[in-house]
Number of protein chains: 2
Amino acid sequence: MTDRPLSSSQRAINELRAKIFSGELAAGSDHLESELADLLAMSRTPVREAVLTLESQGLLEMRPRKGVRILPLSPEDMGEIYDVLTELESHAAERAALVGYDAGSLSMLVKAIDDMDTAIAVSDLDAWAEADDRFHTELVRLGGNSRVVSIVNMMSDQVRRARTTTLFMRPLPTKSNQDHRDVYQAIRDGDAKAARKSHRLHRQHAKAILVDLLAKHRLRFL
Amino acid sequence: MTDRPLSSSQRAINELRAKIFSGELAAGSDHLESELADLLAMSRTPVREAVLTLESQGLLEMRPRKGVRILPLSPEDMGEIYDVLTELESHAAERAALVGYDAGSLSMLVKAIDDMDTAIAVSDLDAWAEADDRFHTELVRLGGNSRVVSIVNMMSDQVRRARTTTLFMRPLPTKSNQDHRDVYQAIRDGDAKAARKSHRLHRQHAKAILVDLLAKHRLRFL
DNA sequence: GTATTTCTTTGCGTATGCATTAAATAATCA
DNA sequence: TGATTATTTAATGCATACGCAAAGAAATAC
């Protein structure tokens with residue numbers, strides 16, 4: 001009922017994003033504007049607008065006469081992204097701790113942690129990844145800095161496509177949830193220093209694992 | 001000679017940015033696409049593309065049928081931006097220290113610091129601001145994370161317009177350059193921990209001064 | 001056989017026009 | 001009079017058209 005028809009440019013953004021994440025538009029591939037327009041059954045205009053937006057979000061690149069290139073991610077890129085996430089999320093954790101949220105306001109965090117436990121128990125990696133996303137998104141939201149929220153969302157997006165690949169290459173992230181609990185408790189206790197530090201370590205650890213994994217499998221691009 | 005004619009969209013981006021920074025397009029003001037198109041003597045198409053780009057950079061906002069709104073910055077916005085800058089720049093400082101640059105590679109930092117000294121000596125605030133920009137830009141570049149570079153650039157842009165106002169409201173930033181020297185020395189000495197900490201304090205201090213200033217002058221929007 | 005020039009193709013940047021739809025205004029009714 | 005609905009207005013979203021410039025193909029010269 002509240003369904004606005006949704007503009008073509010918006011649809012183009014959504015659908016292109018989806019196709020990039022699903023791999024239908026593979027990393028490194030080039031596509032002409034007219035090709036994408038045909039694909040989405042619309043004219044070049046809204047496609048161009050969508051492409052411009054997605055370019056500013058780092059998902060693709062416009063190269064005149066070469067086509068729109070879906071940006072591949074090198075291990076170095078992953079490192080960069082994880083470093084940004086580390087800094088901004090741990091800042092958010094610190095801030096969240098300072099706010100002094102009551103238990104109720106932190107229930108989404110608890111829920112996400114519980115869901116991760118459950119997912120790990122039944123070895124459902126997709127469910128785990130989804131809950132993990134939720135935890136990090138909520139953490140950043142609790143931090144209360146809207147710019148941090150949107151930057152982190154952008155960076156997470158970039159990593160998302162790669163995770164589809166890497167998620168199944170590594171053992172169950174059983175240890176990871178202890179980190180999440182630590183962060184949660186520090187926030188609940190209002191211990192900003194600890195929240196910051198815990199989350200920082202958590203992200204640095206995750207980065208190390210990932211970089212290691214990419215090296216081991218000799219993955220140069222995702 | 002290497003002057004490519006520069007596309008209209010690119011020109012639109014540059015000129016709109018310039019007009020926003022100069023105040024010709026004032027914060028909080030609304031402008032129709034067609035109005036901007038007339039202003040720049042081009043059609044709506046490239047203007048729309050430019051506006052889309054600038055929107056993604058947080059300088060303005062498209063509100064269908066209300067016009068393009070140049071985003072004003074509240075003190076809370078400034079706080080958010082400074083926090084992001086604090087985190088990412090101090091990360092860059094840490095990384096720069098870890099790289100182990102030789103004195104030659106750090107000469108731009110030294111130059112910027114010297115220029116700030118000179119500017120302060122002759123009370124040239126514009127020159128000081130320009131050199132300060134240079135210092136921070138170079139610092140972040142030395143950090144070696146391209147994403148940090150572009151995010152910091154975006155955030156600095158948002159602050160730039162406000163600085164035109166605030167710069168002249170406060171006393172000469174004589175103390176600030178000692179901070180810069182501390183950061184520089186830590187990087188030169190390869191002391192990552194110190195570099196990070198120094199720069200963090202520097203930015204937090206700057207934020208405090210600014211927020212204070214805005215409160216004192218009861219500036220709700222810039 | 002290679003290098004250089006000319007020709008052809010084609011993708012993009014921009015302008016333009018039209019349909020849509022949100023806002024503003026007028027009109028109608030309780 | 002105040003509220004509600006119809007009407008008008010006009011800015012946007014999108015499609016389309018066109019010219020330019022770049023990449024590639026063909027042709028010519030060497």
Side-chain angles (χ1 to χ4, degrees), chain A residues 1-20 24-72 150, chain B residues 1-20 24-72 150:
Chain A
M1 35 193 63
T2 61
D3 265 15
R4 320 285 333 288
L6 207 57
S7 75
S8 291
S9 336
Q10 201 53 54
R11 252 190 50 223
I13 293 176
N14 296 342
E15 298 192 12
L16 288 178
R17 276 172 49 96
K19 285 177 196 301
I20 290 172
E24 183 176 338
L25 293 177
S29 62
D30 289 324
H31 308 273
L32 297 180
E33 290 180 5
S34 49
E35 178 195 335
L36 296 176
D38 288 350
L39 186 66
L40 303 180
M42 58 181 70
S43 81
R44 276 178 51 222
T45 309
V47 170
R48 260 181 84 85
E49 294 191 353
V51 163
L52 228 21
T53 302
L54 296 177
E55 177 172 48
S56 76
Q57 303 186 1
L59 287 178
L60 48 81
E61 181 190 23
M62 290 181 85
R63 297 185 308 168
R65 319 214 150 250
K66 300 263 178 155
V68 173
R69 180 179 174 77
I70 311 301
L71 285 180
S150 70
Chain B
M1 30 204 71
T2 61
D3 265 14
R4 321 283 330 289
L6 207 56
S7 74
S8 291
S9 336
Q10 201 53 53
R11 251 190 51 222
I13 293 176
N14 296 342
E15 299 192 11
L16 288 178
R17 278 175 47 96
K19 285 177 195 303
I20 290 172
E24 183 175 340
L25 293 177
S29 62
D30 289 324
H31 307 272
L32 297 179
E33 291 179 5
S34 49
E35 179 195 334
L36 296 176
D38 288 349
L39 185 65
L40 303 180
M42 58 181 71
S43 80
R44 277 177 50 222
T45 310
V47 171
R48 262 182 81 86
E49 295 192 352
V51 163
L52 229 18
T53 303
L54 296 176
E55 177 172 47
S56 75
Q57 303 187 3
L59 288 179
L60 48 81
E61 181 190 23
M62 289 181 85
R63 296 185 310 170
R65 325 220 152 241
K66 300 263 181 157
V68 173
R69 179 180 175 75
I70 312 301
L71 284 180
S150 68

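Residue numbers start from 1 in every chain, and the chains themselves are labelled A, B, ... in the order their sequence lines are given, proteins ahead of strands.
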By salt bridge (charged side-chain N to carboxylate O under 4.0 Å, His left out), B/Arg11 pairs with (sequence neighbours left out) B/Glu15
Here the distance between atom P of D/dT16 and atom CD of A/Glu33, to the nearest Å, is 16 Å
Discussion item. With hydrogens left out and only the distance checked, is there a donor-acceptor pair under 3.5 Å joining B/Arg65's side chain and the base of D/dA11?
Written reply: yes
Those residues at least two apart in sequence (or on a different chain) that pass side chain to side chain contact (heavy atoms under 4.5 Å, CB included) with B/Asp30 are B/Arg63, B/Arg69
From NE2 of B/His31 across to C1' of D/dA11 the rounded distance in Å is 16 Å
Quick note, salt bridge (Lys or Arg N to Asp or Glu O under 4.0 Å) partners involving residues 36-45 of chain B, not counting sequence neighbours, are B/Glu33-B/Arg44
What residues 56-64 of chain A contributes to the DNA chain C interface at heavy-atom separation below 4.0 Å is A/Pro64
B/Leu6 CG to D/dA21 C1', in whole Å, measures 16 Å
For B/Thr53, the side-chain hydrogen bond (donor to acceptor under 3.5 Å, both in side chains) test, sequence neighbours excluded, returns none
At under 4.0 Å, does any side-chain N or O of B/Ser7 touch on OP1 or OP2 of C/dG13?
no
Output for pair (B/Met62 CE, B/Leu54 CG), nearest 0.5 Å, gives 10.5 Å
Sorted by number, residues from residues 34-47 of chain B placing a heavy atom under 4.0 Å from DNA chain D are B/Arg44
Rounded to whole Å, the CD-C1' distance (A/Glu49 to C/dT14) equals 13 Å
Residue set satisfying salt bridge (charged side-chain N to carboxylate O under 4.0 Å, His left out) with B/Glu24, at least two apart, ordered chain then number -> B/Lys19
When rounded to whole Å, the CZ to C1' distance for the pair B/Arg48 and C/dT14 reads 14 Å
With sequence neighbours left out, the residues meeting side-chain hydrogen bond (donor to acceptor under 3.5 Å, both in side chains) with B/Glu35 are B/His31
The side chain to side chain contact (heavy atoms under 4.5 Å, CB included) partners of B/Ser56 (sequence neighbours excluded) come to A/Ser56
B/Leu52 atom CG is separated from D/dT12 atom P, nearest whole Å, by 13 Å
d(A/Ser7 OG, A/Ile13 CD1) to nearest 0.5 Å is 7.5 Å
Next on the checklist: Quick check on D/dC14: is either OP1 or OP2 less than 4.0 Å from any side-chain nitrogen or oxygen of A/Ser8?
Outcome noted: yes
Whole-Å distance, B/Lys66 NZ to C/dA22 C1', equals 10 Å
